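Worksheet: one structure, shown below.
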Amino acid sequence: MNVEQLLADKGHDVVSVQPHRTLGEVIRTLSERRIGAVVVMGEDGKLVGILSERDIIRTLGETGAGALELPVSRAMTSKVVTCRPQTSVDELMEIMTSGRFRHVPVVENGRVTGLVSIGDVVKHRVAAIEAESRAMRDYIAMA
Ligand code: AMP
């Protein structure tokens with residue numbers, strides 16, 4: 001299983017914001033869309049960062065409530081680790097585990113075409129384990 005197959009199931013929807021938006025605005029977006037991170041895109045549609053709920057909490061902890069007025073660019077991670085549609089799900093798990101993050105944008109020909117979260121990966125793993133266990137039970141029942 002690779003990222004392309006995961007996205008075929010989940011969809012290619014990517015919620016993005018521009019770096020000048022405020023953290024308060026992003027909190028509303030995260031809450032309305034029920035997601036944990038947004039990708040940050042410049043006006044040219046190029047990926048310039050990623051901002052997760054962790055970044056918002058950290059900035060709130062450091063700055064206090066005034067953080068809500070700060071721009072996304074002050075709290076985001078600029079060095080974004082991405083994957084390709086061909087990246088395997090096993091490789092993706094390794095990327096998330098070693099990088100200690102739960103979101104990875106999918107980039108194809110320089111454009112973001114999807115975003116995979118740890119939740120998508122876990123959902124896939126659970127489905128794969130269930131299918132394997134069903135196949136084992138069927139095999140034993142046949143024997
Ligand atoms: P997360 O676990 O995804 O909520 O993110 C934890 C931290 O890692 C935050 O500081 C994020 O900005 C950062 N982060 C999340 N995803 C990525 C990524 N794909 N590449 C680099 N940093 C990331």
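Computed over heavy atoms, backbone and side chain alike; hydrogens, waters and symmetry mates excluded. This one's a predicted model, so the numbers in the text were calculated from it and none came from an experiment. Whatever order the structure lists ligands and atoms in, that order sets their numbers, starting from 1.
For ligand 1, the polar-atom distance check finds an N/O of S52 within less than 3.5 Å of one of the ligand's N/O atoms. Considering backbone and side-chain atoms alike, T77 places an N or O below 3.5 Å from some N or O of ligand 1. No N or O atom of V80 sits closer than 3.5 Å to an N or O atom of ligand 1.
Here the closest non-hydrogen pair linking D55 and R58 is OD1-NH1, 3.1 Å. Nearest approach of V39 to P105, heavy atoms of both residues: CG1-CG, 3.9 Å. Taking every heavy atom of both residues into account, E25 and T22 meet most closely at OE1-N, 2.8 Å. The heavy-atom pair separating R33 from D13 by the smallest distance is NH2-OD2, 3.4 Å.
Residue V72 forms a side chain to side chain contact (heavy atoms under 4.5 Å, CB included) with just one option from V38, V48, I56, V26, and that option is V26. Residue V121 is tested with V126, V104, V116, V3 for a side chain to side chain contact (heavy atoms under 4.5 Å, CB included); the sole match is V116.
At the top of the distance list for atom 21 (C) of ligand 1, counting protein heavy atoms only, stands K79 O, 3.4 Å. Protein heavy atom closest to atom 20 (N) of ligand 1, with residue, atom name and distance, is V81 N, 2.8 Å. Nearest protein heavy-atom neighbour of atom 2 (O) of ligand 1: R102 NE, 2.8 Å. In terms of protein heavy-atom proximity, atom 8 (O) of ligand 1 is nearest to F101 CB, 3.6 Å.
Contact annotation for D55 and ligand 1: only side-chain heavy atoms (C-beta onward) come within less than 4.0 Å of the ligand.
Around atom CG of N109, no more than 12 heavy atoms belonging to other residues, nucleotides or ligands sit under 6.0 Å away. Counting heavy atoms of neighbouring residues, nucleotides and ligands inside a 6.0 Å radius, atom CD of E62 exceeds 12 of them.
The ligand atoms of ligand 1 that sit less than 4.0 angstrom from a heavy atom of R54 are 4 (O).
The shortest separation from a heavy atom of M76 to ligand 1 is not under 4.0 Å, leaving the residue out of contact. At least one heavy atom of P105 sits closer than 4.0 Å to an atom of ligand 1. Residue H103 places a heavy atom under 4.0 Å from ligand 1.
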